[in-house]
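The block underneath contains the structure these notes are about, expressed in structure tokens.
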Protein chains: 2
Amino acid sequence: MVVDEAGGAAVDRIFHALADATRRDIVTRVLRHGQSVSTLARHYPMSFAAVQKHVAVLERAALVTKERRGREQVVHGNPAALRRAARLLDAYERIWRDRVHAIDQILAEDPER
Amino acid sequence: MVVDEAGGAAVDRIFHALADATRRDIVTRVLRHGQSVSTLARHYPMSFAAVQKHVAVLERAALVTKERRGREQVVHGNPAALRRAARLLDAYERIWRDRVHAIDQILAEDPER
DNA sequence: CTAACGTGCAACCACATGGTTGTAGATGAG
DNA sequence: CTCATCTACAACCATGTGGTTGCACGTTAG
């Protein structure tokens, strides 16, 4: 009935994290290879703290992870969460295309990670 | 590289519209067949006005359309926009999946990081 | 050791969001 | 016609968001 249910909040966080061009750009950027927060910050016309917040949002959505490396904090794309997000988008696409249900299965098999 | 370019704001609206469980539910619901706003509202534990706002958000994202039918306003899923959205999600998915796949390969052949 | 750098956090601001209630205009039912 | 229904919109409130600046702390470079 309710399509999300179990993973609802997580899905909220994922879509919300993706609803910002800067954050989408950060994700695609760090997927190439990890970058420190300050290195990332240099690419955007905003303060370091602002970029730091964006990274925090992506982190809460589990789309990226941070790895301490000396005094730097290296941001990586999170393969597992990204795959989950991709499959989630798949499921919605399928619903919309075929007008069938069956998204619950996908969410059920990988609940709230 | 830059997936957004022209439609950046539109992408923002689409992902933002999807970042709410109630709105996602409305979309899947009206895809089965159009429903009036008040009919929709009866399914959710919130006021009619709140549901009306959610529909407005979905409408701004072009994920649904409204059709006057007598005194009712029937909400439909917008097939064209939905397909475009699905394609858009596809594009992101492909980028990410390819990169994730590459990352997995690297990790697979060199387990110790 | 000292200075510079990278980070995290808090305070603050303007504005959007998600919810409420209330009101008013169209439209259909009786 | 009259009344109930559906819709739209405005005002309002609490909270969240995206941005800023400033400061403190740990770590690295010289």
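Every heavy atom of this structure was used, including side-chain atoms; hydrogens, water molecules and symmetry mates were not.
In this entry the distance linking CG of A/L40 with P of C/dG6 reads 13 Å, nearest Å. Between B/L58 atom CG and C/dG18 atom C1' there is a gap of 14 Å when expressed in whole angstrom units.
Sorted by first and then second residue, the salt bridge (Lys or Arg N to Asp or Glu O under 4.0 Å) pairs involving residues 52-81 of chain B (not counting sequence neighbours) are B/E59-B/K66.
Here the side chains of B/H76 and B/H33 are not in contact, with every heavy-atom distance at 4.5 Å or above. Taking the side chain as every heavy atom from C-beta outward, A/L40 and A/Q35 approach each other to under 4.5 Å. Within the 4.5 Å cutoff, the side chain of B/W96 has no heavy atoms near those of the A/R83 side chain.
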Can you pull every protein N or O that's under 3.5 Å from an N or O on nucleotides 16-18 of chain D?
residue: D/dG18; atom: OP1; partner: A/R23; partner atom: NH1; Å: 3.3
residue: D/dG18; atom: OP1; partner: A/R23; partner atom: NH2; Å: 3.0
residue: D/dG18; atom: OP2; partner: A/R23; partner atom: NH1; Å: 3.2

Which atom pairs link the protein and nucleotides 2-8 of chain D when you take only N or O atoms and keep those under 3.5 Å?
residue: D/dC6; atom: OP1; partner: B/R42; partner atom: NH2; Å: 3.4
residue: D/dT7; atom: OP1; partner: B/V37; partner atom: N; Å: 3.3
residue: D/dT7; atom: OP1; partner: B/Q73; partner atom: N; Å: 2.7
residue: D/dT7; atom: OP1; partner: B/Q73; partner atom: O; Å: 3.3
residue: D/dT7; atom: OP2; partner: B/S38; partner atom: N; Å: 2.6
residue: D/dT7; atom: OP2; partner: B/S38; partner atom: OG; Å: 2.8
residue: D/dT7; atom: O3'; partner: B/Q73; partner atom: NE2; Å: 3.4
residue: D/dA8; atom: OP1; partner: B/K66; partner atom: NZ; Å: 3.4
residue: D/dA8; atom: OP1; partner: B/Q73; partner atom: NE2; Å: 2.5
residue: D/dA8; atom: N7; partner: B/Q52; partner atom: OE1; Å: 3.2

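Where the helix from C/dC1-D/dG30 to C/dG30-D/dC1 starts and where it ends, the local axes point in directions that differ by 30°; five pairs per end, rounded to 10°.
In this structure, the salt bridge (Lys or Arg N to Asp or Glu O under 4.0 Å) partners of A/R29, at least two apart in sequence or on a different chain, are A/D25.
For the atom pair CG of B/L31 and CG of B/N78, the computed distance is 9.5 Å after rounding to the nearest 0.5 Å. Going from atom CD of B/E93 over to atom CD1 of B/I95 covers 11.0 Å, rounded to the nearest 0.5 Å.
Across all non-hydrogen atoms, the minimal contact from B/I14 to B/L63 is O-CD1, 4.4 Å.
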Which pairs of donor and acceptor atoms, one on a side chain in residues 15-22 of chain B, lie under 3.5 Å apart (sequence neighbours left out)?
residue: B/D20; atom: OD1; partner: B/T22; partner atom: N; Å: 2.8
residue: B/D20; atom: OD1; partner: B/R23; partner atom: N; Å: 3.1

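With respect to B/D90 and B/R84, no salt bridge is recorded, no charged nitrogen being found less than 4.0 Å from a carboxylate O.
The residue among A/G70 and A/S47 whose nearest nucleotide of DNA chain D is located toward the 5' end is A/S47.
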